[in-house]
Amino acid sequence: MAESHRSITEEELSARLSDELQSLGRAGLSEDEAFLVAVRRLALSDPEVRSFAREHFAGLWDDSEPESSTEVAESEIAVASLAPDGVVPARRGRGRQDIWVMACFAVAAAVAVRVPVLFGLELGDGEDGSFYGRNLGVLVLPALAGWFAWRQRPPRWVYVVLAGVFGATTVVMNSYPFSSDRGTPVTEVLAVFHLLVLLWLVVGLAYLGKDWRSPSRRNDYVRFSGEWVVYYVLIALGGGVFLGLAAGAFIAIGFYPGTALQWAATAGAAGAVVVTAWLVEVWQGAVSRISSMLAFIFTPLFAVMLVVFLIALPASGQSIQGDREVLITFNVILGLVVGLLLFSAAARRADARLGLFDAASGVLAAAGLATNVITFIAILGRIADYGWSPNRTAIAGVNAILLVNLAGSVWLYIALWRRQRSFADIVRWQTAHFGVYAAWAAVVVVAFPPIFDFA
């Protein structure tokens with residue numbers, strides 16, 4: 001009798017899974033993502049399905065972690081037995097092997113950042129400091145890309161793109177004779193900043209693997225990036241305290257470990273790039289809601305702030321055109337607005353009812369668009385008054401991209417409230433701009449020095 005009941009339950013679950021898989025597939029999820037989400041959704045919506053899922057998928061669906069690797073293996077076998085042909089949910093990790101491989105890539109990053117010292121290039125001010133600024137990304141991020149590639153096994157073309165971008169940017173950054181009559185060249189500062197953005201987005205290809213077309217997976221990389229920043233800052237603070245205490249202890253007994261501390265600080269900071277990524281991935285169950293929580297808190301706050309600003313600006317009788325720092329600040333705010341809209345949409349289930357939080361997101365998109373228009377007009381005004389410069393051109397380009405992004409977001413939120421679009425469409429729109437951001441960053445890195453320094 002028990003076997004008969006189990007067979008009927010499996011058949012019913014398989015039929016319902018098929019319907020959910022089709023719906024999630026249309027929303028942009030990959031096959032394995034759609035399968036896992038569908039089972040989880042069915043388990044939450046139906047007591048009988050939840051009972052079956054708790055019995056057979058305990059290692060994957062319970063709130064608590066499985067007690068042993070055997071439970072995980074049994075759960076994965078149960079999931080695979082019900083999965084459609086060709087759909088194999090990804091494993092959670094590789095245990096100790098993953099740790100050792102991660103450690104090797106972390107050591108590689110730490111060694112790479114110290115190799116230039118063998119050629120007399122010390123981290124500091126002057127020409128040596130400029131070398132490290134221009135090459136920091138190409139010294140450290142290849143190790144992170146390598147670790148992602150080991151985990152995800154991306155298509156071969158991803159390796160070609162990674163090698164090509166890292167190789168080309170290394171040549172460009174060390175071939176251009178950045179020049180300026182006033183300290184550090186503006187084009188060099190812009191190139192260094194945009195190079196890090198470009199390389200981080202390209203490293204995302206290794207993170208995404210074969211799912212690089214999936215909007216939900218691209219959103220996972222955005223969420224990973226935010227959590228990586230939080231973790232890295234915490235590790236950096238802890239590492240700074242540790243090195244300070246270590247220095248104090250050795251100085252107290254007559255040793256002055258200045259060189260050793262410098263080596264430990266630079267190598268540790270480089271290796272922590274990979275270690276932090278590993279921590280985010282391993283503890284993603286504990287921190288996966290960080291981005292959603294931040295979006296829930298700051299989306300209404302930013303919406304109110306921008307609405308108040310739009311009301312106060314004409315009442316003040318002032319213009320933001322004359323202050324470059326203010327324009328840069330507003331571009332940073334607009335970038336955060338775009339990120340909040342992405343996190344807000346990604347945190348919502350496709351079948352969720354619209355509420356006050358979604359209304360706040362819509363207001364944020366509209367207020368962000370209005371602020372973007374004002375900022376863009378101010379930037380064009382500065383260009384008309386003072387001409388084109390590296391800074392003004394870079395800001396204008398970023399502002400134009402954000403303008404298109406926010407205009408599309410406003411249209412999608414209007415369509416969402418009219419039941420013509422879904423949250424998945426907003427995520428798809430936002431993440432589709434990754435390539436545009438990378439392209440503009442490449443333009444700044446490659447084209448700005450010859451245009452503005454050699455003209």
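None of the values given here were measured: they were computed from a predicted structure. All values below were derived from every heavy atom in this structure, side-chain atoms included, with hydrogens, water molecules and symmetry-related copies excluded.
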Centroid-to-centroid, W278 to W228, below 6.0 Å?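 No, the ring centres sit 6.0 Å or more apart.
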Heavy-atom closest pair, residues [X] and [Y]:
{"X": "A270", "Y": "V113", "result": "CB-CG1, 3.7 Å"}
{"X": "A345", "Y": "F423", "result": "O-CB, 3.6 Å"}
{"X": "A303", "Y": "L364", "result": "N-CD1, 3.7 Å"}
{"X": "L198", "Y": "A441", "result": "CB-CB, 3.9 Å"}
{"X": "P155", "Y": "G209", "result": "CD-C, 3.9 Å"}
{"X": "Y207", "Y": "D220", "result": "OH-O, 3.9 Å"}

Provide the full list of salt bridge (charged side-chain N to carboxylate O under 4.0 Å, His left out) pairs with a residue in residues 354-373, sequence neighbours left out, each pair given once.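 Salt bridge (charged side-chain N to carboxylate O under 4.0 Å, His left out) check on residues 354-373 returns R348-D358.
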Should we say atom CG of L356 is surrounded by more than 12 heavy atoms from elsewhere, each under 6.0 Å from it?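 Atom CG in L356 is not packed in, count stays at 12 or less.
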Residue F309 excluded, over 12 heavy atoms near CZ under 6.0 Å: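 Count over threshold, so yes.
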May I ask you to say whether R382 pairs ionically with D385, meaning some side-chain N is under 4.0 Å from a carboxylate O?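 No, R382 and D385 are not salt-bridged.
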For a side-chain contact (heavy atoms from CB on, under 4.5 Å) check, start with the C-alpha distance between F224 and E281, then their side-chain angles and the critical distance, and finish with the verdict. CA-CA 8 Å; F224 161 84; E281 291 295 281; 3.7 Å; yes
Less than 4.5 Å apart, side chain to side chain, heavy atoms only: is that true for [X] and [Y]?
{"X": "I379", "Y": "I383", "result": "yes"}
{"X": "Y176", "Y": "V446", "result": "yes"}
{"X": "Q430", "Y": "S409", "result": "yes"}
{"X": "M173", "Y": "V192", "result": "yes"}
{"X": "L279", "Y": "I235", "result": "yes"}
{"X": "F343", "Y": "V222", "result": "yes"}
{"X": "F193", "Y": "V189", "result": "no"}
{"X": "T431", "Y": "L342", "result": "yes"}

Going from [atom1] on [X] to [atom2] on [Y], what distance comes out if it is rounded to the nearest 0.5 angstrom?
{"X": "L195", "Y": "L190", "atom1": "CG", "atom2": "CG", "value": "12.0 Å"}
{"X": "L205", "Y": "F148", "atom1": "CG", "atom2": "CZ", "value": "11.5 Å"}
{"X": "R218", "Y": "R223", "atom1": "CZ", "atom2": "CZ", "value": "14.0 Å"}
{"X": "L341", "Y": "L412", "atom1": "CG", "atom2": "CG", "value": "10.5 Å"}
{"X": "L402", "Y": "N331", "atom1": "CG", "atom2": "CG", "value": "6.5 Å"}
{"X": "I328", "Y": "N391", "atom1": "CD1", "atom2": "CG", "value": "6.0 Å"}

Backbone of [Y] reached by a side-chain donor or acceptor of [X] within 3.5 Å:
{"X": "Y437", "Y": "I401", "result": "no"}
{"X": "N399", "Y": "F376", "result": "yes"}
{"X": "W429", "Y": "N405", "result": "yes"}
{"X": "W147", "Y": "P142", "result": "no"}

Please walk me through it: do L310 and I374 pass side-chain contact (heavy atoms from CB on, under 4.5 Å)? CA-CA 9 Å; L310 292 172; I374 294 173; 3.6 Å; yes
Kindly indicate, with the supporting measurements, whether the criterion side-chain contact (heavy atoms from CB on, under 4.5 Å) is fulfilled by Y413 and R421. CA-CA 8 Å; Y413 266 101; R421 292 287 181 172; over 6 Å; no
Run the numbers on V101 and F105 for side-chain contact (heavy atoms from CB on, under 4.5 Å), then give the verdict. CA-CA 6 Å; V101 173; F105 280 109; 3.6 Å; yes
Qualifying residues under side-chain hydrogen bond (donor to acceptor under 3.5 Å, both in side chains), relative to S361, sequence neighbours excluded: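 Result, side-chain hydrogen bond (donor to acceptor under 3.5 Å, both in side chains) vs S361: none returned.
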Would you check if there is a donor-acceptor pair between the side chains of Y221 and W200 at a distance under 3.5 Å?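 Yes, because at least one side-chain N or O of W200 sits under 3.5 Å from a partner of the opposite role on Y221.
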Listed partners of V138 passing side chain to side chain contact (heavy atoms under 4.5 Å, CB included), at least two apart: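 If we apply the side chain to side chain contact (heavy atoms under 4.5 Å, CB included) test to V138, skipping adjacent residues, the hits are N135, F166, T169, T170, L199.
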Whether F448 and F452 hold their rings parallel, tilted or perpendicular, with breakpoints at 30° and 60°: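 Ring orientation of F448 relative to F452: perpendicular.
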